[in-house]
Structure formats: C-alpha cells, structure tokens
Amino acid sequence: MRVAVAQMNVVLGDLAGNAHRIADAAKRACAQGADLLLTPELSLCGYPPEDLLLRPDFYRSVDLALVALTQDTVDLDIAIVVGHPEQAGDLYYNAASVLYQGKRLCTYRKQHLPQYEVFDELRYFTAGGETVVFDHAGTRFGLAICEDIWFAAPAQAAKAAGAEVLLVLNASPYHLDKTVDRQSVLAQRVAETGLSIVYCNLVGGQDELVFDGASCLLAADGETVLQLPQFAEDMATADLSDAGDWHTQAALTPLTELNAQIYNAMVLGVRDYFAKNGFAGAYLGLSGGIDSALTLCVAVDALGADRVRPIIMPSPYTAQMSIDDSWALCANLGVKGELVDIQPAMQTYENLLAPYFVGMAPDTTEENLQARIRGNLLMALSNKSGWLVLTTGNKSEMAVGYCTLYGDMAGGFAVLKDLLKTKVYDVSRWVNRAGEVIPWRIIERPPSAELRPDQTDQDSLPPYEVLDAIVTAYMEQDQSPREIIAQGYREADVRRVVRLLRISEYKRRQSPVGIRLTRRGFGKDWRYPITNRYADEW
C-alpha cells in the first residue's frame with residue numbers, strides 16, 4: 001500500500017479554501033497511486049484558531065466544510081485523514097477523521113492537550129480517551145495528534161489495539177532546535193512500540209508562529225524513510241510492502257544549518273503574514289545599522305524587491321557612512337530606496353517645544369523625537385499606500401526597552417522581535433556566506449542608534465554578549481538573578497538588565513506582533529504583569 005504525506009500551508013479560517021486544498025492534494029496523491037493521504041492537525045480550519053473555537057457557528061461551519069470535502073472526494077479511491085475541530089453535544093475536541101468515498105470511517109480525538117508556551121488547548125478542548133485503529137488497503141492504522149506523540153501511552157495503546165502504522169497529524173510550531181527534538185521523540189516511540197510512524201506537520205506562517213513542516217516517516221526499525229523539507233509545502237509518497245518494508249523514490253531532505261533555519265523561518269513568516277492578510281508591500285526605515293539591514297534582506301526575499309521600499313531618514317547625527325552603506329545595501333538587493341532628511345522636522349519640533357523646555361538640558365526626550373519623526377513619516381507613507389511598515393528592533397532591545405514607543409516601535413510586523421542581537425550578527429554573516437550582500441562595514445562597526453554625537457549602544461547597555469546571556473537566562477530559562485550571578489556574571493550587569501527588563505513590560509505590550517523563533521518569545525508565551533512588585537531572588 002502507498003501512503004502520501006502532504007505538509008500543507010493552509011489559511012486559518014478559510015474553510016472552503018482549505019477543503020479545496022485538501023481535495024486537490026487527495027486528487028494528486030490518488031493520481032500517484034496513493035491509498036491514503038495524511039494531512040496536518042486541524043488542516044481543515046488552520047492552527048491555532050484561538051477564540052474562534054468559542055463560537056458555536058464556527059463548529060457549524062466546520063461541519064459543513066467537512067461534508068463538502070467528503071462529497072468532493074467521493075469518487076477518489078483514497079482514504080483522507082483530515083484534522084478538524086469537533087463538537088459532540090456540549091463537548092469540543094481537537095479531532096481527526098478518516099474520509100473514504102463519501103463516508104467518515106472513524107474519528108479520533110486528541111488525548112493530550114498542551115497548555116504551555118504558545119499552546120492553550122485546555123481553554124477550548126476536552127481531552128479524548130479512546131484509541132482508534134482502522135483497516136485500509138490491507139494495513140491497520142492507528143491515529144494520534146501532535147502532543148499525543150510526546151507521551152508513550154497513545155502509541156502503546158494503538159500498538160495493543162493491533163495497529164501496524166501510526167499516523168500522526170501535527171501543527172508543531174518552529175523554534176530553535178525544535179525539529180531535532182521532535183525527531184528524537186519519534187525515534188523513542190518507534191523503539192518502544194515497533195510501529196512505523198508517519199508524521200505530517202503543518203507548514204506556513206500564522207501571526208507570530210511559523211510552522212516548519214519537516215514531515216517524516218520512520219520505519220519500524222527506526223530508519224528515516226521520508227524527510228520532507230523545512231519551510232516549504234511538499235507532498236511525498238512511500239510504499240509499504242507485504243513484508244513490512246518501506247520504499248520511496250523521494251529524496252531525503254536534510255535539515256539546514258541553524259542560521260539558515262532562522263532566516264528561512266523569518267522569510268516564510270513575513271511572506272505569509274503579507275499574503276494571508278492582503279498587504280501589497282512593505283516600508284521600513286533603513287538606518288545603516290545591522291537590524292534594519294537584515295530586516296530588509298528578509299523582506300526582499302519574502303516579497304520581492306519591487307514590493308519593499310526602504311526609507312533612509314538621516315538626522316544631523318547620522319554618519320555619512322551609514323547613508324553610504326544603506327545605498328550600497330539597496331544596490332546589492334536591487335531595491336529602490338528613498339532618502340528623507342528629518343532635520344527640518346527636528347527643527348520644527350524644537351521650536352514648538354522650546355517654550356516648555358526652558359532651562360532644561362537636552363536628554364533622551366530629544367533623542368526620542370528623532371525616532372518618533374521617523375515613525376510618523378513611515379506611518380504616513382503606510383497610510384497613503386496601504387503598505388505595511390516592518391519594524392526592525394531585535395529581542396535584546398525589546399527585552400530592556402532600548403526602543404522608542406511610537407518611534408522605531410511603530411509598524412505592523414516585527415521581523416526580528418525574537419532574535420537576540422548576537423544572533424542578528426550570526427544570521428547576517430550567514431547572509432554574506434557566498435559574497436557581500438550586507439556591506440561588511442555594517443556588520444563590523446560598533447552598533448549605534450546615532451541619536452547623539454559619537455553614541456554607541458554600549459553607552460547605555462552592557463556588551464551584547466553579556467546582555468543576551470542574561471536575558472536568555474532570566475527570560476527564556478526562568479533563572480533567578482542569584483543563579484545568573486553564580487554563573488560568573490557581574491552583579492551590577494545582572495541588576496541593570498533585570499531592572500530594565502522588568503520596567504519595560506508596558507512597552508512590550510504595545511509592540512507589534514513578531515515572528516517567534518525561540519522557545520519563549522515576547523508574545524503569547526510571555527505573560528508578565530505590568531504592575532508588579534515581586535522582588536526577585538538575589
């Protein structure tokens with residue numbers, strides 16, 4: 001028998017469109033001689049539907065789409081495993097149904113509902129409790145959904161019920177090293193049960209989440225038979241012989257290096273956010289610094305050079321090399337930039353505010369005005385054109401509030417929001433792996449917001465290597481300041497970073513949504529109170 005695995009990029013809430021995508025995949029798989037098609041978790045509606053799952057009409061619409069899909073594939077000699085939310089009386093489930101020639105053969109309900117990181121399934125669903133095994137084309141298949149595979153019991157129960165192959169539907173979002181973790185868990189389940197496992201993962205961007213695909217098939221002896229690519233839609237087939245051996249003509253797609261994964265995740269996240277929300281193009285402020293340079297590279301690869309417009313907005317403190325490097329980057333990427341001198345606007349603001357600032361020395365107020373002038377210009381261009389502004393700040397800056405509300409934080413989507421400054425440099429060097437794209441001077445010069453003469457970031461912050469290590473320990477790993485200091489970091493640096501992180505929560509609440517790349521980003525998996533007098537353990 002032949003199994004087809006379709007890692008699909010569906011659009012959340014587009015029930016008719018997703019049903020059509022699944023039907024089209026089934027027709028292509030059937031034409032390739034497949035007996036069964038496996039699709040991702042909640043493939044009919046997209047993942048995660050969030051509070052759409054609180055609407056009774058949403059379930060009614062899903063049911064209608066499932067009926068339409070069943071009817072649309074009635075003439076196909078292929079079983080289709082489709083993920084969908086299900087209402088049963090007063091209970092709601094994360095479910096998977098097997099459709100075959102106009103009938104629903106069976107429905108499995110997810111048993112382990114994740115409630116950590118970005119997951120919130122206990123808010124919406126009831127855990128299922130029944131093992132489902134079905135026969136098709138001479139093979140007995142068991143079913144599992146995503147989190148189920150991280151526990152031994154569902155796979156073992158399927159084995160005990162006579163399953164020979166376990167089909168696993170997934171919507172597992174990407175973060176650093178997540179793909180390796182998944183494959184380790186799959187190998188463990190295979191070793192425990194002796195089952196072959198067919199693992200189909202969602203691919204695509206959904207708000208802050210990026211799903212990386214990397215679907216696979218592990219034979220009962222642990223051999224990887226299928227390995228689909230990361231960050232791209234794909235479908236592949238594999239044959240199971242009567243002797244229980246798997247064979248395929250599809251090439252194994254190796255996982256890419258970590259910097260490539262990060263970059264490809266950002267490209268996919270930007271491309272899908274624009275495509276699925278109907279934005280025609282992007283503006284961004286191009287400063288001559290590393291963050292805006294990497295953001296521009298991602299945007300051009302995601303949207304095309306003709307759909308990205310960088311705006312260079314020098315002030316009296318902007319170095320000429322920053323302007324020169326910005327133009328060089330635009331030329332390297334084949335993108336048309338614009339230069340708007342903000343000095344006249346700065347003078348106007350100074351004149352307007354002068355009566356109110358009498359006797360007061362210049363400080364961050366004037367520095368922030370520069371950022372806000374730039375933000376206003378970008379938002380005006382966005383409003384007039386309908387194009388979206390991409391913000392360029394990174395995770396390190398977001399952590400400690402080294403950013404300006406209504407200034408460089410203005411915009412609709414934050415590409416680098418979950419990328420630490422040190423990783424920004426690593427990925428930028430990867431971009432230049434085959435030759436200069438980002439001018440090397442941008443990568444090599446000390447980082448500076450150029451808000452006053454001879455200013456650098458390290459005037460206000462510890463070195464980024466230290467800052468990022470402290471942020472990672474405190475924010476991503478929940479270590480106490482005392483534990484961080486015990487690792488050898490200066491107490492003064494730890495106190496400074498933790499204080500800045502704590503007092504910047506109000507800023508982060510007003511930041512644009514951005515791509516999640518780590519196990520914990522400043523998004524739906526970071527829920528700290530703004531008003532908070534908890535004293536950390538020192």
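Sequential numbering from 1 along the given sequence is applied to the chain's residues. Just so you know, these numbers come straight off a predicted model, no measurement behind them.
- Separation of the F231 and Y174 ring centroids falls under the 6.0 Å cut-off.
- Among L353, I342, T364, the one residue that satisfies the side chain to side chain contact (heavy atoms under 4.5 Å, CB included) test with L369 is L353.
- Ionic pairing of D418 and R519 is not present here: no N-O contact between side-chain nitrogen and carboxylate oxygen is shorter than 4.0 angstrom.
- For the residue pair D291/N394, the side-chain donor-acceptor check at 3.5 Å is satisfied.
- Atoms CD and NZ, on Q230 and K178 in that order, are 12.5 Å from each other to the nearest 0.5 Å.
- When the shell of 6.0 Å around OH of Y116 is examined, it contains more than 12 heavy atoms from other residues, nucleotides or ligands.
- In this model, no donor atom of one side chain and acceptor atom of the other lie less than 3.5 Å apart for T422 and E465.
- Here the two rings, on Y92 and F125, have centers that are 6.0 Å apart or farther.
- The pair E41-K110 counts as a salt bridge, with a side-chain nitrogen and a carboxylate oxygen less than 4.0 angstrom apart.
- Counting only N and O atoms by type, the side chains of N170 and S172 include no donor and acceptor under 3.5 Å apart.
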Would you please test T39 and Q7 for side-chain contact (heavy atoms from CB on, under 4.5 Å) and show each step? CA-CA 6 Å; T39 70; Q7 61 180 38; over 6 Å; no

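- Here L64 contributes atom CG and L15 contributes atom CG; the two are 9.0 Å apart, rounded to the nearest 0.5 Å.
- Atom-to-atom distance recorded for L268:CG and N9:CG is 6.5 Å, nearest 0.5 angstrom.
- Ring centers of W430 and Y263: under 6.0 Å apart, within the cut-off.
- Closest non-hydrogen pair, L209 versus P48, comes out as CD1-CD, 3.9 Å.
- Under a cutoff of 6.0 Å and an axis angle of 45°, R508 and F522 form a cation-pi pair.
- Of the N and O atoms on the side chains of Y317 and Q370, not one donor lies less than 3.5 Å from an acceptor on the other residue.
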Evaluate the salt bridge (charged side-chain N to carboxylate O under 4.0 Å, His left out) criterion for residues E50 and R123: first the C-alpha distance (whole Å), next the side-chain angles of each, then the deciding distance (0.1 Å), finally the verdict. CA-CA 9 Å; E50 297 183 315; R123 176 179 173 87; over 6 Å; no

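- Residues I515 and G269 come closest through the heavy atom pair CD1-CA, 4.0 Å.
- One distance of note links OG1 of T295 with CZ of F413; it measures 11.0 Å at 0.5 Å rounding.
- Atom CG of residue D177 and atom CZ of residue R182 lie 11.0 Å apart, to the nearest 0.5 angstrom.
- For the atom pair OG of S215 and CD of Q227, the computed distance is 8.0 Å after rounding to the nearest 0.5 Å.
- In this model, a donor atom of one side chain and an acceptor atom of the other lie less than 3.5 Å apart for E505 and W526.
- Residues N94 and Y124 have side chains that never bring a donor and an acceptor to within less than 3.5 angstrom of each other.
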D63 vs R60, test: salt bridge (charged side-chain N to carboxylate O under 4.0 Å, His left out). Steps then yes/no. CA-CA 5 Å; D63 287 343; R60 293 193 292 269; over 6 Å; no

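- Side-chain N/O atoms of K395 and T518 include a donor and acceptor closer than 3.5 Å.
- By the 4.0 Å N-to-carboxylate-O rule, D120 lies too far from K524 to be salt-bridged with it.
- By the 4.0 Å N-to-carboxylate-O rule, R309 lies close enough to E338 to be salt-bridged with it.
- When all heavy atoms are compared, the tightest approach of A250 to A236 is CB-CB, 4.0 Å.
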Passes side-chain contact (heavy atoms from CB on, under 4.5 Å), V431 versus L294? Steps please. CA-CA 8 Å; V431 169; L294 182 57; 4.0 Å; yes

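- No option in R520, Q261, R516 other than R516 meets the side chain to side chain contact (heavy atoms under 4.5 Å, CB included) test with H175.
- In plain terms, the two heavy atoms of G83 and L169 that are nearest each other are N-CD2, 3.7 Å.
- Side chains of T391 and D408: a donor-acceptor N/O pair is absent below 3.5 angstrom, by distance only.
- Across every non-hydrogen atom of A399 and S504, the tightest pair is O-CB, 4.0 Å.
- Nearest heavy-atom pair across N277 and Y273 is ND2-O, 2.9 Å.
- The side-chain hydrogen bond (donor to acceptor under 3.5 Å, both in side chains) test with D24 is passed by exactly one of K27, H20, R21, R28: R28.
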